[in-house]
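The chains referred to below are lettered A, B, ... by the order of the sequence lines, with proteins before strands, and numbering in each begins at 1.
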Protein chains: 2
Amino acid sequence: MSPKFVDRKEKQQHIARAALKLFALKGFAATSVEQIATAAGVGKGTLYEYFETKTDIFVAAIVEWMKQFENTIMAELAHIEDPLTRLKTFVAVSTALVDPIDPLTARFSIEILQHTLIEDGALYERRHVMKDVHTGMRKILESILLDGISKGVFRPEWARDAEKFAINLLGYIDGISLHYLMSQNYFHIREQVAFTLQNVIGMLRSKPGDPWGPADIDNDRLTVEIKN
Amino acid sequence: MSPKFVDRKEKQQHIARAALKLFALKGFAATSVEQIATAAGVGKGTLYEYFETKTDIFVAAIVEWMKQFENTIMAELAHIEDPLTRLKTFVAVSTALVDPIDPLTARFSIEILQHTLIEDGALYERRHVMKDVHTGMRKILESILLDGISKGVFRPEWARDAEKFAINLLGYIDGISLHYLMSQNYFHIREQVAFTLQNVIGMLRSKPGDPWGPADIDNDRLTVEIKN
DNA sequence: TTTTTTCCCGACTAATCAGTCGATTACCTG
DNA sequence: CAGGTAATCGACTGATTAGTCGGGAAAAAA
């Protein structure tokens, strides 16, 4: 049955993925190690061959989750040139995570948030993990903005505030996603995001002396499929 | 010692407040009923005279928390006439919750979020609680905007989008607050919020044909004291 | 075949904790 | 003062669960 030598990395990843689903669905506290073992198709003892503690499994699940997200967004951006489309795509991929069909990852991000913030949360001692994620996201967004400026699509004055812009937009995306999850059917996240994008792009493109108004953009790029 | 007849409402509130501090500090799961009892200065058995379950204590703590926030914001707004100042005050009070000196309430809001979203979270069956909170906040913000329009400070075209505007701004406030909490010292929340406010107010005030630019507002109203 | 190595497992342990219950105290009333 | 009642308490119970450990199975080596 079991081969003499097992690819430990691969098996760890397999377990981490099984754990990710459970953590996202039920939360860290409500997910027992036994359940993870069952979901991964191994015994509880085996699980402890590959991870020291439950928290380690959690961290591995987070890493797995981030990897998937980053892959998705980089793949989407890879073949897009137009700065406007790049910006819209970035926002679309980010908000697609809370699509009602698959709210798991969004719930999971709450779980991470909590264990990062709460004093004896599983991640309190490893807060840098989330900081690194956000820094990575911000860099991508900043580069989109600066690229747009260099291509003459956005006005150059915004270069000075690229970082502030990126931080704010990321904050908005997360916040509106959370509110959406909490009060489903109360508003339409696509419309809300499109509204913001219109205003933001209107701002980014307007030049002093130009009449200002929300950008009249098409929202085709606001739909993105996230592969699990 | 104990009087023959006790004001049950008052004692419940007393316990709820003690619980609020603990829940905010350590989270729902990590706070034991025993600890709540000790913090409230009563025995564990007594506590169950006033609440049926641990979850009921949690809900009571949430209600207590919301009441405090609403009192603060209404008190602040009560004596302000100028729409711009009202808007800035609203944002200031909302973000003051994540002041590094007292991040408890922000952590608590994460806790609520989680138990609202996770399937067997303590609040999953009572999701409407959070929805109601947000509706209340949104109404306040909308009224500020409409009032500003009627006073000629904001351009009337925005009336149509008052609701979208309010939902987006509330989402932004929560999102930027969360990011701030997660990566302390990485950015300055006051500057970020001021930046957004400048742009938002610039948008709200600009008229078609006007040269567009961020509003040159003073940020005095961005500091607010939250009383515990 | 026999031995060794690697991997797998689930019963067990020790600790935690939500909720119960019977005993006790303190106040009130007659 | 005495009987009754409201309020308090914390030891106990039952259930859950993170992490351990020793036995066993399969593959490789000898």
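If you take OH of Tyr50(A) and P of dG19(D), they are 18 Å apart, rounded to a whole angstrom. Summarising the geometry, the separation between CD on Gln12(A) and C1' on dC7(C) is reported as 14 Å, rounded to the nearest angstrom. Distance Ile57(B) CD1 to dC17(C) P: 14 Å, rounded to the nearest Å. For Glu10(B) and dA7(D), the CD to P distance is 13 Å, given to the nearest whole Å. Look at CG on Asp7(B): it is 16 Å from P on dA6(D), rounded to the nearest Å. Rounded to whole Å, the distance from CZ on Arg8(B) to P on dA7(D) is 6 Å.
Looking at Lys67(B) and Glu64(B), a side-chain N of the basic residue comes within less than 4.0 Å of a carboxylate O on the acidic one, giving a salt bridge.
Nearest-nucleotide positions on DNA chain C for Glu49(B) and Thr55(B) put Thr55(B) closer to the 5' end.
Put simply, the side chain of Ile144(B) does not reach to within 4.5 Å of the side chain of Thr89(B), judged on heavy atoms.
Contact detail for Ile80(B) and Arg86(B): the closest heavy-atom pair is O-NH1, 2.9 Å.
Side-chain contact check for Tyr172(B) and Thr196(B): at least one donor-acceptor pair (N or O, by modelled atom type) lies under 3.5 Å.
Contacts classified as salt bridge (charged side-chain N to carboxylate O under 4.0 Å, His left out) and involving residues 50-59 of chain B (residues at least two apart or in different chains) are given here: Asp56(B)-Arg126(B).
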Exercise answer: donor-acceptor pairs, residues 23-38 of chain B side-chain atoms, under 3.5 Å, sequence neighbours excluded:
| unit_1 | atom_1 | unit_2 | atom_2 | d |
| --- | --- | --- | --- | --- |
| Thr31(B) | OG1 | Leu22(B) | O | 3.4 |
| Thr31(B) | OG1 | Gly27(B) | O | 2.7 |
| Ser32(B) | OG | Gln35(B) | N | 3.1 |
| Gln35(B) | OE1 | Ser32(B) | N | 2.9 |
| Thr38(B) | OG1 | Glu34(B) | O | 3.0 |

Using a 4.0 Å heavy-atom cut-off, write out nucleotides 10-18 of chain D from 5' to 3' as B (base contacted by protein), S (sugar-phosphate only) or - (no contact). B-------B

